[in-house]
Number of protein chains: 2
Amino acid sequence: MKLDRQTIQLAAITLLNEEGLEKLSMRTLAKALDVKAASLYFHFKNKDELMEGIAELISGRIRQRLEKVQNCDFYQLAHILREELKRVNDSPKIFENTYPFTPNRTKLIVLGMKLMQDLGVDKQHLTVAGNMGNNFVLSYVADEQYFARGTQRQMPAEFAAKFPSPIDLANPDEAFDYGLAVFIRGVQATTK
Amino acid sequence: MKLDRQTIQLAAITLLNEEGLEKLSMRTLAKALDVKAASLYFHFKNKDELMEGIAELISGRIRQRLEKVQNCDFYQLAHILREELKRVNDSPKIFENTYPFTPNRTKLIVLGMKLMQDLGVDKQHLTVAGNMGNNFVLSYVADEQYFARGTQRQMPAEFAAKFPSPIDLANPDEAFDYGLAVFIRGVQATTK
DNA sequence: ACCTGAACACCGTTCAAGT
DNA sequence: ACCTGAACACCGTTCAAGT
């Protein structure tokens with residue numbers, strides 16, 4: 001088997017979409033590639049570096065899509081981010097648990113900051129606002145994937161009675177736009 | 001050694017604050033309690049149930065503090081939530097990865113929903129808004145604890161040059177209030 | 001340069017057996 | 001009722017050895 005970093009990362013993504021992050025081990029990944037676990041360590045220093053590579057790969061996909069968008073605003077960035085995160089099961093957890101300043105990802109962070117500036121955020125709150133926008137999308141996709149899994153335990157009857165038919169599950173796109181609007185309008189309203 | 005669920009949970013919290021979630025295993029926990037790992041399984045079905053118990057214990061602390069607050073609004077809830085989460089290292093990750101509908105935690109969720117209603121959120125967006133508020137605080141504390149750890153790798157020079165001295169790190173309380181204001185005003189602005 | 005065999009030091013979990 | 005010894009099936013990682 002001829003390995004390289006990208007082959008390994010793509011195989012890992014396939015495994016994530018089939019089984020989820022918990023089932024992804026260096027050994028299962030090696031097995032899927034018909035290779036021994038130790039071989040992976042020739043291409044990646046350790047598992048963390050592999051995860052970092054996956055986040056970086058996804059960031060590259062996002063940047064590629066952004067190139068085709070002129071006059072990008074935060075609304076569009078958030079939508080593309082959500083869509084690409086959804087393509088990889090458990091990607092929000094991977095993003096949360098890896099070092100963020102890899103090349104493509106850094107460029108996305110810088111773009112996010114610029115878009116915050118465009119929304120009128122003052123300089124001293126750029127990073128807070130940027131983190132908040134990023135965390136909103138990550139958490140939203142994490143919740144979506146959690147419910148898509150369908151393996152959760154039930155809500156207690158007490159709760160289900162009080163909040164019947166939560167529309168977000170039926171209308172995830174509308175709910176995402178609602179949350180996004182909350183964030184964007186909130187940022188605008190909080191600018192002096 | 002005389003064990004019970006609470007003793008185990010408190011020992012786990014101590015270990016979290018000393019070493020973090022990654023170092024917390026059933027075996028290290030047992031060692032800290034001067035007991036064998038298998039003993040823990042008499043009190044908890046598995047590690048997940050133990051983590052769930054820790055989140056539930058923290059939720060109980062929050063509820064206790066909320067009892068002393070009259071006319072609680074979301075601003076106050078968010079502050080108390082943040083403070084209690086900060087008392088336990090990696091608590092945001094624990095909350096994210098456990099089943100949420102345990103008794104005390106369910107009551108907090110119901111309260112959160114009610115406070116969203118007080119802010120004027122329409123019925124069909126209650127759960128989205130509630131999740132968003134919850135995720136905001138969780139993510140914020142996760143970031144705070146990440147930076148408090150101090151073991152992160154450096155930002156690239158390119159980035160540090162563009163965004164010098166991020167005030168959020170120096171002024172975490174002010175930054176939290178900023179984010180909270182963004183959320184609250186955004187919710188109000190997005191109500192028809 | 002790239003891969004493997006074999007090992008090391010860990011995990012979570014189970015369960016018959018002890019008290 | 002509560003705890004343990006001993007095992008099972010896993011992990012991530014290293015490194016001398018092979019090609």
Side-chain angles (χ1 to χ4, degrees), chain A residues 1-56 89-90 93-99 149 151-153, chain B residues 1-57 89-91 93-99 149 151-153:
Chain A
M1 188 58 177
K2 195 62 188 167
L3 285 185
D4 58 34
R5 287 174 67 98
Q6 191 175 217
T7 310
I8 296 170
Q9 286 161 355
L10 292 176
I13 287 176
T14 302
L15 231 49
L16 284 171
N17 286 338
E18 285 168 0
E19 305 271 11
L21 183 57
E22 290 199 352
K23 296 286 180 68
L24 175 63
S25 70
M26 297 303 267
R27 293 169 127 100
T28 58
L29 177 56
K31 191 156 286 176
L33 287 161
D34 205 31
V35 99
K36 300 298 158 188
S39 312
L40 302 175
Y41 288 84
F42 182 82
H43 301 277
F44 293 94
K45 184 165 120 282
N46 52 34
K47 194 181 180 183
D48 275 352
E49 195 185 282
L50 168 59
M51 300 309 262
E52 199 178 293
I54 293 171
E56 174 64 1
N89 192 22
D90 285 326
K93 280 186 190 169
I94 294 173
F95 273 71
E96 277 160 24
N97 292 307
T98 48
Y99 173 75
R149 248 173 166 85
T151 51
Q152 340 81 32
R153 279 185 267 167
Chain B
M1 188 57 177
K2 194 63 190 164
L3 286 185
D4 59 32
R5 287 173 67 99
Q6 193 178 210
T7 311
I8 295 171
Q9 286 161 355
L10 292 176
I13 288 176
T14 302
L15 231 50
L16 284 171
N17 286 338
E18 286 168 1
E19 305 271 11
L21 183 56
E22 290 198 351
K23 295 287 180 70
L24 175 64
S25 70
M26 298 303 266
R27 293 167 128 101
T28 58
L29 178 54
K31 191 155 286 174
L33 286 161
D34 205 32
V35 98
K36 301 299 160 187
S39 312
L40 302 174
Y41 288 83
F42 183 82
H43 301 276
F44 293 95
K45 183 164 121 282
N46 52 35
K47 194 181 181 182
D48 275 351
E49 195 184 282
L50 168 59
M51 300 310 261
E52 198 178 292
I54 293 171
E56 174 65 1
L57 188 154
N89 192 23
D90 285 326
S91 58
K93 280 186 191 169
I94 294 173
F95 272 71
E96 277 161 24
N97 291 307
T98 47
Y99 173 75
R149 247 174 165 86
T151 51
Q152 338 82 31
R153 281 185 264 165

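Each chain gets a letter, A, B and so on, in the order the sequences are listed, and its residues count up from 1.
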Rounded distance (Å) that lies between atom [atom2] of [N] and atom [atom1] of [X]:
X: N46(B); N: dT14(C); atom1: CG; atom2: C1'; answer: 12 Å
X: Y41(B); N: dG5(D); atom1: OH; atom2: P; answer: 17 Å
X: K2(B); N: dC2(D); atom1: NZ; atom2: C1'; answer: 6 Å
X: H43(A); N: dT4(C); atom1: NE2; atom2: C1'; answer: 13 Å
X: M26(B); N: dC11(D); atom1: CE; atom2: C1'; answer: 17 Å
X: K31(B); N: dG12(C); atom1: NZ; atom2: P; answer: 12 Å
X: L24(B); N: dG12(C); atom1: CG; atom2: P; answer: 8 Å
X: E49(B); N: dG12(C); atom1: CD; atom2: P; answer: 15 Å

Reported CD1-to-CG distance for the pair I94(B) and L16(B), which is rounded to 0.5 angstrom: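 The CD1 atom of I94(B) sits 4.5 Å away from the CG atom of L16(B).
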Non-hydrogen side-chain atoms of L33(A) and L3(A) separated by less than 4.5 Å: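 A side-chain contact under 4.5 Å exists here.
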Touch class at under 4.0 angstrom, heavy-atom based, for S25(B) against every strand present: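 Here S25(B) touches the backbone only, sparing every base.
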DNA chain C: 5'-proximal contact among A37(A) and R27(A) (nearest heavy atom): A37(A)
Side-chain N,O (K36(B)) to OP1/OP2 (dC3(D)) below 4.0 Å: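 Indeed not, no polar side-chain atom of K36(B) lies that close.
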dT4(C) phosphate, OP1 or OP2, under 4.0 Å from S39(A) side-chain N/O: yes
First encountered from the 5' end of DNA chain D, between K23(A) and A38(A): K23(A)
Heavy-atom donor-acceptor pair, R5(A) side chain to H43(A) backbone, under 3.5 Å: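 Yes, the answer is positive, given that a donor and an acceptor are paired below the 3.5 Å cut-off.
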Base partner of dC15(D), which must satisfy Watson-Crick or wobble distances under 3.5 Å: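 dC15(D) is paired with dG5(C).
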Donor + acceptor pair across side chains of D4(A), T7(A) (<3.5 Å):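 The criterion, which ignores hydrogens and geometry beyond distance, is satisfied for T7(A) and D4(A).
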Pair D90(A)-K23(A), salt bridge (Lys or Arg N to Asp or Glu O under 4.0 Å): steps then yes or no: CA-CA 11 Å; D90(A) 285 326; K23(A) 296 286 180 68; over 6 Å; no
